Amino acid sequence: MKRFTVSKTVVLLFAPILLTACGGNDSAVSQDENVGESLDYTITGIEPGSGTAEIARKALEEYDTLNGWEIQESSTAGMLTELAQAIDNEEPIVVTGWTPHYIFELYDLKILEDPLNVFGGEEGINTLTRTGLEKDMPEAFEILSRFEWTTEDMQEVMLEGLERDFEDVTAEWIDNNRDLVNEWTEGIDDVDGTPFELGSIPWDTERSSANVMARVLEEKGYDVTITNLDPAVLYQALNLGEVDATAGAWLPTTAGAFMETYGENIVDLGPNLTGTVIGFVVPSYMEDINSIEDLPAQD
C-alpha cells in the first residue's frame, strides 16, 4: 500500500497529550477570575484555511460577547498540545474543536452552546467521488456508497492510531468488525490491481476513514494510494478528477464553501458518519462557561 503520511514529528507532538491525560493538580479554576483576561482574550485555533477556522472567525463577528477576542491560528497538533498543558494544570482554555475526536476519550470536555448557530449544529462526514467514477470503477463506487460507521468506531481507530501504525490499527479494526465490513463489500466482484487514488486531509478523523477505506478497497484488489492535501486543494482535485474519492467531507457547514466553489463535478454519496459537531471547546471544570455567550467581551 502506498502512503503519503503525516510526519513522525506530528506524532511526537501528541506525546504530551498522552502523558498529561491522567495528570493535573487539585486546584480548581477560580470562578471569580475573568476568563477573558486570564486567556488574554485568545482562543486557540488550528490551521488557517480550514473550514473550521473560517467558521470560528465568523463567530467572532457574530457574537457581541466575543468583542475583543482573537483566534490564535497555528496547527491542530499545536492546539492539542496547548489543550493538554492547560488541562494538566487545570487552567482555563478555549479551543476550536470537533467530535468525533480522541480528545473526548482522553479528557472531560464540553462543546460550548452556540445559540446563534454559527457553527451549524450537527452535520455529517460525507463520501465524495469525482464525476465518472461510477462508470469507470463501479465496484469501488458501490463500496464507497455503502460505507457507513459510527463516531465510536472512528474514535477507536483515532485513539489507537496515536501509538501504533495506522495500517496495523485499521487492519485490526476491520478484523474485529468483519460483519460490518462485509455489508460494504457483499456481492461486489474483485478487481485485479486497478489503481485508485483516495484523497484525504492530514487530520486524525480523515486519516482514520481514509485508512479504513483504503484497506477495504485493497481487499477487493485495488492498488490504493492515499494522497494528503490541504482542504481547498482536495476539493479542487476532486473537481478536476485528479483524485477518485474522499471519505472525509464535513458537510453541509464545515466544507460548504469548498463545495460551493468546486462541487460542480463532485458526486456526493451522502454521510458515512452522522452526529459530528464543531465549535468552541473547553474543559468541563470551567463550570461557568457553557455557552459562547458566557465568554466575556473585552472592556
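The figures that follow rest on heavy atoms only: side chains count, while hydrogens, waters and symmetry mates do not. Values in this document were obtained by computation on a predicted structure and should not be read as measured data.
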#### Entry: Proximity of F258 and Y235 rings by center, below 6.0 Å
yes
## Note on the structure
Exactly one of L66, T65, I71, N67 clears side chain to side chain contact (heavy atoms under 4.5 Å, CB included) with W69, and that residue is L66
### Query
Which heavy-atom pair separates P92 from S38 by the least distance, and what is that distance?
CG-OG, 3.5 Å
### Task
Answer yes or no: is there a donor N or O on one side and an acceptor on the other, between the side chain of K110 and the main chain of V282, under 3.5 Å?
no
### Atom of I278, atom of F119 and distance for their closest heavy-atom approach
O-CB, 3.5 Å
#### Entry: Audit row: T151, D153, side chain to side chain contact (heavy atoms under 4.5 Å, CB included) steps and yes/no
CA-CA 5 Å; T151 295; D153 292 328; over 6 Å; no
### Query
Would you say the side-chain atoms of D168 pair up with the backbone N or O of R164, donor to acceptor, closer than 3.5 Å?
no
### Query
Are L240 and M259 joined in one hydrophobic group, where the rule is that I, L, V, M, F, W and Y side chains link up if heavy atoms are under 4.5 Å apart?
no
### Message
I'd like to know if the side chain of T194 and the backbone of V191 have a donor-acceptor N/O pair within less than 3.5 Å.
### Response
no
### Task
Evaluate whether atom CD of E134 has more than 12 neighbouring non-hydrogen atoms of other residues, nucleotides or ligands under 6.0 angstrom away.
no
### Query
Quick one: does T170's side chain have a donor or acceptor within less than 3.5 Å of a partner on V212's backbone?
no
### Task
Could you tell me if the ring centre of W250 sits under 6.0 Å from that of W203?
no
### Query
Any donor and acceptor pair, going by atom type alone, linking the side chain of D244 with main-chain N or O of E197 inside 3.5 Å?
yes
### 4.5 Å side-chain heavy-atom contact, L269 and L144
yes
### Query
Distance from Q155 atom CD to Y102 atom OH, nearest 0.5 Å?
11.5 Å
### Query
Any sub-3.5 Å donor-acceptor pair from E139's side-chain atoms to D190's backbone N or O?
no
### Message
Any side-chain to backbone donor/acceptor pair from D294 onto S291? Under 3.5 Å, distance only.
### Response
yes
### Task
State the OG-CD distance between S74 and E82, to the nearest 0.5 angstrom.
6.0 Å
### Message
Would you say that F147 contacts L273 through its side chain, given a criterion of any heavy-atom pair below 4.5 Å between the two side chains?
### Response
no
### Query
At their closest point, which heavy atom of T96 faces which heavy atom of A56, and how far apart are they?
CG2-CB, 3.7 Å
### Any I46 side-chain heavy atom under 4.5 Å of T52 side chain
yes
### Query
Just wondering, do L39 and V94 contact through their side chains at under 4.5 Å, heavy atoms?
yes
### Query
Q72 and T42: side chain to side chain donor-acceptor pair (under 3.5 Å), yes or no, with the steps?
CA-CA 6 Å; Q72 178 184 336; T42 300; 5.4 Å; no
### Query
Would you say N34's side chain and E37's backbone share a donor-acceptor pair under 3.5 angstrom?
yes
### Task
Carefully, step by step, assess D114 and Y63 under the rule side chain to side chain contact (heavy atoms under 4.5 Å, CB included).
CA-CA 10 Å; D114 177 18; Y63 280 94; 2.4 Å; yes
### Query
With a 4.5 Å limit on heavy-atom distance, are the side chains of N89 and I87 in contact?
no
### Task
Take W184 and W149, measure what ring pair (Phe, Tyr, Trp, His ring centres under 6.0 Å) needs, and give me the verdict at the end.
CA-CA 10 Å; W184 307 339; W149 61 342; 7.2 Å; no
### Query
Do the side chain of D223 and the main chain of P195 share a donor and acceptor less than 3.5 angstrom apart?
no
### Message
If the threshold is 4.0 Å, N to carboxylate O, is there a salt bridge linking E219 and R178?
### Response
yes
### Task
Please check if atom CG in D64 has more than 12 non-hydrogen atoms from other residues, nucleotides or ligands closer than 6.0 Å.
no
### Task
Hey, could you give me the CG/CD1 distance between L217 and I143, rounded to the nearest 0.5 Å?
5.0 Å
### Summary
Value for CG (L83) from OH (Y107), rounded to nearest 0.5 Å, stands at 6.0 Å
### Query
Is there a donor-acceptor pair under 3.5 Å between the side chain of T276 and the backbone N or O of T274?
no
### Task
Apply the test side chain to side chain contact (heavy atoms under 4.5 Å, CB included) to residues L128 and L251: give CA-CA distance (whole Å), side-chain angles for both, the deciding distance (0.1 Å), then the verdict.
CA-CA 11 Å; L128 310 178; L251 292 168; 4.2 Å; yes
## Note on the structure
Distance col, row E183:CD vs N177:CG, nearest 0.5 angstrom, shows 10.5 Å
### Task
Could you tell me how the ring of H101 sits relative to the ring of W98: parallel (under 30°), tilted (30 to 60°) or perpendicular (over 60°)?
perpendicular
### Query
Are any of the side-chain heavy atoms of I201 and L234 separated by less than 4.5 Å?
yes
### Task
Applying side chain to side chain contact (heavy atoms under 4.5 Å, CB included), run through L112 and V281 and close with a yes or a no.
CA-CA 6 Å; L112 297 184; V281 176; over 6 Å; no
### Message
Tell me whether E142 is salt-bridged to R146, with the criterion being a basic N under 4.0 Å from an acidic carboxylate O.
### Response
yes
### Task
I would like to know whether E54 and R57 meet salt bridge (charged side-chain N to carboxylate O under 4.0 Å, His left out); could you show each step before the answer?
CA-CA 5 Å; E54 296 293 333; R57 282 196 295 272; 2.5 Å; yes
### Query
Does the side chain of I93 reach to within under 4.5 Å of the side chain of P283, using non-hydrogen atoms?
yes
## Note on the structure
All heavy atoms of Y285 vs all of E91, minimum pair found to be OH-O, 2.7 Å
### Query
Is E61 salt-bridged to K58, cutoff N-O under 4.0 Å?
no
### Message
Check R130 with D136, please: is the shortest side-chain N to carboxylate O separation under 4.0 Å?
### Response
yes
### Query
To the nearest 0.5 Å, what is the distance between CE (M154) and CG (L159)?
13.5 Å
### Query
Do T129 and I266 come within less than 4.5 Å of each other through their side chains, counting heavy atoms only?
no
### Task
Go through the steps to decide whether D108 and S284 satisfy the test side chain to side chain donor-acceptor pair (under 3.5 Å), and finish with yes or no.
CA-CA 6 Å; D108 188 7; S284 292; 2.9 Å; yes
### Message
If you count heavy atoms of other groups shown closer than 6.0 angstrom to CG of D192, is the number above 12?
### Response
no
### Query
Which atom pair, heavy atoms only, marks the closest approach of A140 to Y222?
N-OH, 3.0 Å
### Message
Looking at every heavy atom in both P271 and G124, which two are closest together, and how far apart are they?
### Response
CB-CA, 4.4 Å
